[in-house]
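Let me begin by presenting the structure, written as structure tokens, before commenting on it.
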Amino acid sequence: MLYHLIKKDFILVKKYLLMLIGMPALIPLYVGSRPIGNAALIGFMWSAVYTLSMTMQYIFLKESQSPKALALLCASPYPRWLLVAAKYSLFPILHLISCLFFLVESLAIPGLATLPVQAYASVLFANSLFFSFFMPLQYKLGFERVKLLLMLMIVAATWLFPLFLKVSAIRWNPLADIPAWASSIALTAASFAVLAASALVSIRIFVRKDLA
Amino acid sequence: MKNILEVSGLNKSYGDFALQDVTFALPEGCITGFIGVNGAGKTTTLRTLLGLTGKESGDIRIFGMDMSENERQIKERIGIVLDDGGFYEELTLAEMKNAIAPAYSTWCEADFREYMERFSLNPRQTINTLSKGMRAKYALALALSHKARLLIMDEPTSGLDPLVRSQILTVLRDFMARSRPGEEHLPRGVFFSTHITSDLDKIADMLVMIHDGKIVFQEERDALLERWRIVKGDRAKLDMGNRGLFSNLEENAYGFTGITQQPDRVLAVMPDAILERPSIEDIMLAHINSRQAEA
């Protein structure tokens, strides 16, 4: 059942599939060509956040345009928690797509720097924080109210992340003394813990929600 | 006769509207019409039955099971038709079916194909290109393809032309008549809300009326139609003593038209009055008008 709900979400945004696949492919190339420090990491981060947020926004847009379709699914034997779980299952899929595109491009294109495993884990953690904050808000407030906030968050993240990298490199890097493999595992585990906590909050909100 | 659905003491409030102590039961083997004007509480009641909105208090039992404890088991056996279908507009009929069908362990692809052919629906067609009639037929095809034993439908015939409405009523009759081998003993029922009461004149066995969030009556259609009469007569015969016999009274220069539950008493005081059998709509309006007069 989970597979069919995930598939349904992808089918909902089939019109935008080319753009959604193009984004993780093109953003690292564009940022990598700019004369900025940590271009590879920023490009990958940007690509991962955009791919995730735009895909989720289009899915929620389509659901907000057909609120009775969601009601029909909830009136069927699908448990409501499964509908939320399907949305959270999109996170690792979309993140993996971003990772794969970046990995292939960084190996194939000479000018684009490769990233250590720790960087992938850091981006996973940052992205899961963003997603875990965004999803319960989406279920609580609905698409229309959240879309403006999301746009602001994306723009702010685009500016703040390079700044954060600059500051953290100078003053404080909590992962500097930990072996790369250990910090990567810790960050990945923390990411999934944050996602699980967020999913529980979203399920709690959605199970109690009155549907149109 | 056993009940296929029982609702008792259901309460739910939304701002300035509330379902108040809603209590009714659907006997098995019956098509039950749920009537009331727009905003009476029909859709809210149906949504609460289906678990789409929470209830503040009350019990819902379907197939003898408590809805809050056996939700999945009950929903497996309910066919649902929501007002205007309830589909993702940009999906094809096949894609929408692929999203819904896995929810039901009893989904029957052969039945679905049969209904799609019967209704001349193309699985590759996009939902937003369907006419209102085709959407209603598609909703029925989805609702009837998982061996449902209770159909719950919200305004399924609203906005449809007479031909499509007639086809849908035929499908409902077929659903009630069609028992699969070995399933003859299993109860079946249809519960559908509508404000087009002419459909119920043709098909309903039972009627439940709701107004202002409260159940007004639940009664067999034939008994209800038998009890009420439209009365036409001379206006001069109306006086303070007999006006109370009528629930709804319209007067003009030529005479009066009223509706009554006491035809024998009316004939006793107005022997030359003409009595006619009312429609369900006449009775529904009589109830609404008498409640408004009381208020």
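Within every chain, numbering begins at 1; the chains are lettered A, B, ... in the order of the sequence lines, protein sequences first and strands thereafter.
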Can you give me the closest heavy-atom contact between B:L52 and A:C74, atom names plus distance?
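Shortest heavy-atom separation between B:L52 and A:C74 comes out as CD2-CB, 3.8 Å.
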Minimum-distance pair of heavy atoms, taken over all atoms of B:G86 and A:L72:
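For B:G86 versus A:L72, the nearest heavy atoms are O-CD2, 3.3 Å.
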At a cut-off of 3.5 Å, what donor and acceptor atoms pair up between chain A and chain B?
unit_1	atom_1	unit_2	atom_2	d
A:K8	NZ	B:Y88	OH	3.4
A:K14	NZ	B:E95	OE1	2.7
A:K14	NZ	B:E95	OE2	3.1
A:K62	NZ	B:E90	OE1	3.4
A:K62	NZ	B:E90	OE2	2.9
A:E63	OE2	B:Y88	OH	2.9
A:K68	NZ	B:D83	O	3.4
A:C74	O	B:K75	NZ	2.8
A:P77	O	B:R72	NH1	2.9
A:Y78	OH	B:A99	O	2.5
A:R80	NH2	B:G51	O	3.0
A:R80	NH2	B:L52	O	3.1
A:D210	OD1	B:G54	N	3.0
A:D210	OD2	B:K12	NZ	2.9
A:L211	N	B:L52	O	2.9
A:A212	O	B:R47	NH1	2.3
A:A212	O	B:R47	NH2	3.3

Has A:L152 got more than 12 heavy atoms of other residues, nucleotides or ligands less than 6.0 Å from its CG?
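Yes, enclosed.
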Does atom CZ of A:F133 have more than 12 heavy-atom neighbours, drawn from other residues, nucleotides or ligands, at distances under 6.0 Å?
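Check fails, neighbour count at 12 or below.
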Where on A:L82 is there a heavy atom nearer than 4.5 Å to chain B: the side chain, the backbone, both, or neither?
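Neither part.
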What residue, out of B:I100, B:L49, B:I74, B:L50, has the most heavy-atom pairs lying under 4.5 Å from chain A?
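Most pairs with chain A among the choices: B:I100.
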Does anything in [range] pair up under ring-ring contact (aromatic ring centres under 6.0 Å, His included), and if so which pairs, sequence neighbours excluded?
| range | answer |
| --- | --- |
| residues 93-126 of chain A | A:F44-A:F102, A:F44-A:Y120, A:F91-A:H95 |
| residues 60-81 of chain B | none |
| residues 20-39 of chain B | B:F24-B:F34, B:F24-B:F191, B:F34-B:F191 |

